[in-house]
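Computed from heavy atoms alone, side chains included, the values below leave out hydrogens, waters and symmetry copies.
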Amino acid sequence: MNIFHKIDRENRKKDIPEFIAGDTVKLNVRVKEGDKVRTQPFVGVVIRRQGSGARETFTVRKVSHGVGVERTFPIHSPSIANIEVVRRGDVRRAKLYYLRERMGKKAKVKEKARAPKPE
Amino acid sequence: MSKSLIGKKLGMTQIFSEDGESVPVTVIEAGPCVVTQVKTEEKDGYSAVQIAYGEVKPNKINKPQKGIFEKLGVKPKKHIREFRNLGFEDIEPGDKLTVEQFEVGDLVNVAGISKGKGFAGNIKRHNHATGPKTHGSRAYRIPGSIGSTDSSRVFKGQKLPGRMGHDQVQMQNLQIVKVMKEDNVILVKGSIPGPKKGIITIESVE
């Protein structure tokens, strides 16, 4: 086996739930404060997935106090405690950059009808 | 004892550290190497260890080199390099050196031949600033003044365009992030000189 595949495999997590752009996810991020580690939740819509293998990242967007907040995380990063899919979105593209220009109700992603219930 | 190996740059990737940071790493295939000669102060005037690395067909190397490997009873190797011996006591020709001598956290110097850039101008070769792009400027990437009329010559060492790269370059104090013994591979933090498949030498920092 190629050595790069091997390194990649070692750095990947196995318990990543299936999700795509448009889905609403809740993740717990490990935050280091001094020598204490606590988890901080972050809930929002996934607007993109980028890259492949252990280097894959995803961007989550939420609107907090009227200000759009986007955070990009490596999917396999050990600093993400867990990812939970809250809601499946019904979207037609892979990158939802158009959400940035929309406010209020227009910025909502429709829920996928008859979507398989996320656990 | 100074630990040293000859290896091959395989490329770069990233791995996650224990505290969740992604670390850029260079993947190096290092060793197994064979000690071909131990030079001593009494016999050679200086102390050094000569090691060899890399598979090669026996008909591809010259006869004097073939003799070295025949004497040791090992397969012929392609690359031979010499390292200063810093306190090697119990080392003899024929000894095998592998990545096992290195541990995670060790600091190493990695040296190799950098990528050739061809004939490069001053901006790229000497990090000069560019001139203005517009407003009638004709000095966008030129070297500028190269001396005074008074001296009526150009001084030696004047920075001018020329061949760039393909030099011996050493990257110092690189941290070893991982040692993969079964694959003869080590991962060091950061970049190292040269192209993929380039031959490099690894030496522990003393």
* Asked: Does NE2 belonging to B:His166 count more than 12 external heavy atoms closer than 6.0 Å?
  -> no
* Nearest-0.5 Å distance that lies between atom CD1 in A:Ile3 and atom CG in B:Asn184 -> 9.5 Å
* Stepwise, does the side-chain contact (heavy atoms from CB on, under 4.5 Å) test hold for A:Ile7 with B:Met180? -> CA-CA 10 Å; A:Ile7 295 166; B:Met180 298 166 85; 4.1 Å; yes
* **Any residue of residues 42-77 of chain A which, by heavy atoms, sits under 4.5 Å from chain B** => A:Ala54, A:Arg55, A:Pro74, A:His76, A:Ser77
* Structure fact -> Heavy-atom closest pair (A:Pro78 atom, B:Ser17 atom, distance to 0.1 Å) is CG-O, 3.9 Å
* To do: Check the surroundings of atom CZ in A:Arg100: do more than 12 heavy atoms from other residues, nucleotides or ligands lie under 6.0 Å from it?
  => yes
* Please look at B:Leu10 and chain A and tell me whether the side chain, the backbone, both or neither of the residue comes under 4.5 angstrom of a heavy atom of that chain. => both
* Is it the case that more than 12 heavy atoms not belonging to A:Lys13 sit under 6.0 Å from its NZ atom? -> yes
* Is the backbone of B:Ile15 close enough, under 3.5 Å, to the side chain of A:Asn11 for a donor and an acceptor to pair up by distance? -> no
* **Per-residue contacts, residues 20-40 of chain A versus chain B, heavy atoms under 4.5 Å** => A:Lys32
* A:Glu18, CD atom: more than 12 neighbouring heavy atoms under 6.0 Å -> no
* **More than 12 heavy atoms of other groups within 6.0 Å of B:Gln168 CD** => yes
